[in-house]
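To keep things clear, I will list the structure first and then write my remarks on it.
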Amino acid sequence: MALETPQYEVVTEYDGFEIRRYSEMIIATTSVRSDYKGSTSSGFRRIANYIFGGNDKEMKIAMTAPVIADCPSDNRENYNISFVMPSEHSLKDLPKCNTENVSIQKESLGEVAVFPFGGWATEPRSKSFQKKFATLLQQNSIETSGDFMVAQFNAPYVISMFRKNELMVRVNR
């Protein structure tokens with residue numbers, strides 16, 4: 001069964017990455033003060049609890065893909081982890097989380113550069129691909145805005161060779 005993913009249009013294709021324009025979306029997000037691995041694990045569980053009924057309506061919300069997290073960085077102390085809410089929902093009909101550490105809000109990614117990669121999105125691999133992606137962006141004279149993000153599309157039980165991930169960063173155009 002395929003999971004819903006955010007709507008976008010491809011603006012420009014480059015060798016190894018593309019520029020996309022995303023539609024506005026609603027996200028459930030949490031901030032975790034820990035290292036990358038601890039933050040992504042803890043953040044995933046917090047938001048999963050919300051969508052599996054840990055909310056004021058005890059409402060189950062369908063899982064979507066990807067799970068988006070801040071890209072690992074040596075000087076980062078907090079990581080934001082986000083789930084995109086299914087498009088059938090609005091801010092008005094989504095329930096409130098039972099805890100204060102998950103917020104529901106509109107997000108406008110706008111235009112982003114996207115670099116796909118497979119395997120596990122571990123801290124070393126994400127950092128390595130971020131360096132490669134940053135070089136590609138620089139070589140193509142693409143100015144970025146904000147931090148890189150890691151988007152993971154697969155359930156934890158999907159084996160490495162079948163995993164889909166993307167690095168994303170907002171662009172100035």
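In this text the structure is predicted, and so the values were computed from the model without any measurement.
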Item to complete: Name all residues meeting the side-chain hydrogen bond (donor to acceptor under 3.5 Å, both in side chains) criterion together with Q139; count only those two or more places apart in sequence or in a different chain, and write none if there are none.
Response: none
Discussion item. Using 0.5 Å steps for rounding, measure from the CD1 atom of I104 to the CG atom of L91.
Written reply: 8.5 Å
Worksheet item: How far apart are the closest heavy atoms of I81 and A69, and which atoms are they?
Response: CD1-CB, 3.6 Å
Fill in: Check: F44 ring centroid to F83 ring centroid under 6.0 Å
yes
Worksheet item: Is there a donor-acceptor pair under 3.5 Å between the side chain of N140 and the backbone N or O of L136?
Response: yes
Worksheet item: So, does N55 use its side chain to make a donor-acceptor pair with the main chain of K57 at under 3.5 Å?
Response: yes
Item to complete: Classify the angle between the aromatic ring planes of Y79 and Y36 as parallel (below 30°), tilted (30 to 60°) or perpendicular (above 60°).
Response: perpendicular
Worksheet item: Has R125 got its NZ or CZ under 6.0 Å from the middle of the six-membered ring of W120, at an angle within 45 degrees of the ring axis?
Response: no
Fill in: With sequence neighbours excluded, residues passing side-chain hydrogen bond (donor to acceptor under 3.5 Å, both in side chains) with Y22
R20
Worksheet entry | Under 3.5 Å: donor-acceptor pair, side chain of D147, backbone of C71 | no
Discussion item. Keeping R163 on the side-chain end and A155 on the backbone end, is there a donor-acceptor pair under 3.5 Å?
Written reply: yes
Discussion item. Are the side chains of F117 and S126 in contact, using a 4.5 Å heavy-atom criterion?
Written reply: yes
Contacts table for residues 6-14: side-chain donor-acceptor under 3.5 angstrom, sequence neighbours left out:
| from | atom 1 | to | atom 2 | distance (Å) |
| --- | --- | --- | --- | --- |
| E9 | OE2 | R21 | NH1 | 3.4 |

Worksheet item: Does the T135 side chain pair with the main chain of K131, one donor and one acceptor, at a distance under 3.5 Å?
Response: yes
Fill in: Under 3.5 Å: donor-acceptor pair, side chain of T40, backbone of K37
yes
Worksheet item: A28 and V102: which non-hydrogen atoms are nearest, and at how many Å?
Response: CB-CG1, 4.1 Å
Item to complete: With the side chain counted from C-beta on, respond yes when D74 and K127 share a heavy-atom pair under 4.5 Å apart, and no when they do not.
Response: yes
Discussion item. For a 4.5 angstrom cut-off between non-hydrogen side-chain atoms, does S82 reach T30?
Written reply: no
Fill in: Near-ring test F115/F17, centroid separation under 6.0 angstrom
no
Worksheet entry | F129 with F153, same ILVMFWY side-chain cluster at under 4.5 Å | no
Discussion item. With heavy-atom distances below 4.5 Å as the criterion, would you say the side chains of M85 and I61 are in contact?
Written reply: yes
Worksheet item: CE of M63 to CD of E4: how many Å apart, nearest 0.5 Å?
Response: 12.0 Å
Discussion item. Checking the side chain of S145 only, and the main-chain atoms of N172 only, is there a donor and an acceptor separated by less than 3.5 Å?
Written reply: no
